[in-house]
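Accompanying notes for the structure given below.
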Number of protein chains: 2
Amino acid sequence: MQKASNGPRAGSRSDDQTGDRRGGRTVNRQVLADHVYEELLASLMDGRLEPGAAVSIDGTARELDVSPTPVREALARLEHTGMVRRVALKGYRVAPVFTREDFAELMEARLAIEPVNARLACSRLTPERLAELEEAVADLKSAPRGPSFADYKDYLEADERFHQLIAKQTGNQFMVAAYAALGGQVQRFRLFGGVGITDAENAIAEHQSVLDALSTGDPEKAEAAMADHVQKVRARAIADAPAD
Amino acid sequence: MQKASNGPRAGSRSDDQTGDRRGGRTVNRQVLADHVYEELLASLMDGRLEPGAAVSIDGTARELDVSPTPVREALARLEHTGMVRRVALKGYRVAPVFTREDFAELMEARLAIEPVNARLACSRLTPERLAELEEAVADLKSAPRGPSFADYKDYLEADERFHQLIAKQTGNQFMVAAYAALGGQVQRFRLFGGVGITDAENAIAEHQSVLDALSTGDPEKAEAAMADHVQKVRARAIADAPAD
DNA sequence: CATGCTCAAATCCTATAGGGATGCATCTGC
DNA sequence: GCAGATGCATCCCTATAGGATTTGAGCATG
């Protein structure tokens with residue numbers, strides 16, 4: 001909306017993050033489509049884009065002041081994550097809200113994958129990664145948990161980060177990919193699943209339990225702690241869920 | 001290569017599969033990017049595109065006689081499957097061959113996911129799906145298994161179909177997504193993992209065992225049979241693997 | 001011979017143009 | 001007043017143009 005069509009700036013992209021230099025050599029070249037992808041992902045992950053909302057290609061392009069081409073590319077990647085759906089010739093839409101059944105399926109899948117991740121992560125845990133996990137739990141404890149949306153965004157972000165770190169700690173690229181296929185949905189559920197932040201105290205305790213189990217180095221314990229956590233999340237969500 | 005640049009046909013796409021009509025109303029509208037995606041996926045799945053090969057955007061566009069735009073979109077989707085990798089400003093490349101470690105990780109992930117799929121599928125098995133599974137196993141048995149590449153393509157296709165059907169039979173969209181995150185890699189490993197078709201007899205017997213276990217309706221048996229199958233595949237592959 | 005430079009072709013990346021379809025507001029006829 | 005037709009705006013989709021970057025060959029130099 002700001003600076004809408006202020007003039008053609010074709011090809012003059014040497015001042016944004018493209019040619020980012022650090023220490024004298026280019027480190028992480030990035031193209032516009034990557035930027036758009038991250039922007040859209042952030043909007044989806046923190047709830048700015050609500051389920052069911054249309055994501056217009058041209059509209060997004062105008063908003064970000066780019067051409068539709070990189071937006072198409074970014075959305076094509078996002079489609080494969082399940083966070084947006086596409087209908088040919090009709091465009092993209094944020095995936096609809098979770099039904100009760102969707103939620104049950106998601107929890108079933110988490111229960112199949114996340115305890116295994118905890119077990120594998122435990123047997124390969126490095127001190128550095130353990131520190132990162134401790135930091136995530138600390139952030140979880142210290143994050144504000146007010147009633148408004150923005151108030152517990154940090155809490156949700158720390159929650160997602162904790163689980164994602166465990167997936168990465170497995171050192172298994174395919175388990176990371178499998179969790180990633182769920183991760184976005186998990187986060188979306190946290191935002192729009194109906195269950196609020198009321199279970200924070202319990203959830204924090206369970207995360208601490210998982211972390212403790214990982215610290216002991218006993219893979220079986222870690223697996224059990226994670227399974228326990230996921231099951232309790234499911235139980236609380238069912239209890240809190242609205243009538244429909 | 002054939003019919004290279006025979007002339008501009010801009011906007012005349014009312015004769016290909018776009019406006020496909022059946023019974024009077026349009027049923028499944030398809031855009032060019034979908035066609036390109038399927039074309040590339042087929043090339044990857046049956047080995048026409050070998051690991052490490054460059055996949056040029058412009059080149060593919062010329063070959064399929066379309067513009068680069070839909071090719072970009074198709075490749076963006078494929079990137080998220082892990083079958084092609086992208087480097088900014090350098091283009092796409094078919095994912096490299098499996099190392100021993102990659103193979104171990106893939107089998108670890110399959111062992112975490114596929115037995116669960118078998119268990120879930122078993123408890124929700126419908127006669128129609130069971131028939132499809134039986135057909136896949138029958139195709140597995142009847143498929144030619146010659147020494148040349150094209151000779152056992154059908155065999156590999158039936159193998160992939162069997163596992164994918166079980167994933168779908170879970171009725172859990174997230175388990176399907178998780179398997180899909182692996183599925184492409186599994187197929188690629190079958191093609192280029194070094195292990196040939198020597199284990200066909202054993203593998204067929206194991207697939208039959210999985211099918212039998214599913215037929216009994218005992219989820220525990222199905223899970224065990226699938227775990228046994230994956231573990232034996234791993235064992236055979238390790239035994240057959242070349243020195244490096 | 002090995003190494004560095006120059007240049008040209010190929011390729012990637014983004015913007016723009018325009019065809020076709022859809023949706024919505026407006027208008028007309030009953 | 002209301003149903004259907006019409007026009008306009010919006011959007012998706014593909015092609016094309018052109019700038020920016022990479023790459024590899026050819027050539028010069030130590």
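Each of B:Pro68 and B:Ala88 has a nearest nucleotide on DNA chain D; the 5'-most of these lies closest to B:Pro68. Residue whose closest nucleotide on DNA chain C sits further toward the 5' end, between A:Lys90 and B:Lys90: B:Lys90.
Closest approach to the B:Arg62 side chain among C:dA15, C:dT11, D:dA15 is made by C:dT11 (side chain taken as heavy atoms from C-beta onward). Nearest nucleotide to the side chain of A:Ala33, out of C:dC12, D:dA15, C:dT14: C:dT14. Closest to the side chain of B:Arg86, out of C:dC13, D:dT22, C:dT11, is C:dC13. Of all nucleotides listed (C:dT16, D:dT16, C:dC12), D:dT16 comes nearest to the side chain of B:Ser67. Considering only side-chain atoms of A:Pro70, the nucleotide from C:dT11, C:dG23, C:dT14 that sits closest is C:dT14.
In this structure, B:Tyr92 places its OH atom 17 Å from P of D:dT22, rounding to the nearest Å. Rounded to an integer number of Å, the gap from B:Ile57 CD1 to D:dT14 P is 16 Å. Regarding A:Asp58, its CG atom lies at a distance of 13 Å from the C1' atom of D:dT14, rounded to whole Å. Rounded to whole Å, the distance from CZ on A:Arg93 to P on C:dG23 is 10 Å. The CD atom of A:Gln30 sits 15 Å away from the C1' atom of C:dT14 (whole-angstrom rounding). Residue B:Glu79 contributes atom CD, which lies 10 Å from atom P of C:dC13 at whole-angstrom precision. Atom pair B:Glu73:CD and D:dC13:P shows a separation of 7 Å (rounding to whole Å applied). In this structure, CG of A:Leu89 is placed 11 Å from C1' of D:dT14, rounded to the nearest angstrom.
Cation-pi contact between A:Arg145 and A:Tyr152: absent, since separation from the ring centre below 6.0 Å together with deviation from the ring axis within 45° is not met.
Exactly one residue among A:Leu120, A:Thr170, A:Val116 makes a side-chain contact (heavy atoms from CB on, under 4.5 Å) with B:Glu108. That residue is A:Leu120.
Salt bridge status for A:Lys153 with A:Glu157: absent, with no side-chain N to carboxylate O gap under 4.0 Å. A salt bridge links A:Arg86 with B:Asp34; the closest basic N to acidic carboxylate O contact falls under 4.0 Å.
A:Phe189 and A:Phe98 have tilted rings, their planes meeting at an angle from 30° to 60° on a 0 to 90° scale.
Contact annotation for A:Ser56: backbone-only contact, meaning every heavy-atom pair under 4.0 Å involves sugar-phosphate atoms and none involves a base.
Distances shorter than 4.0 Å separate none of the side-chain N or O atoms of B:Arg72 from OP1 or OP2 on C:dC12.
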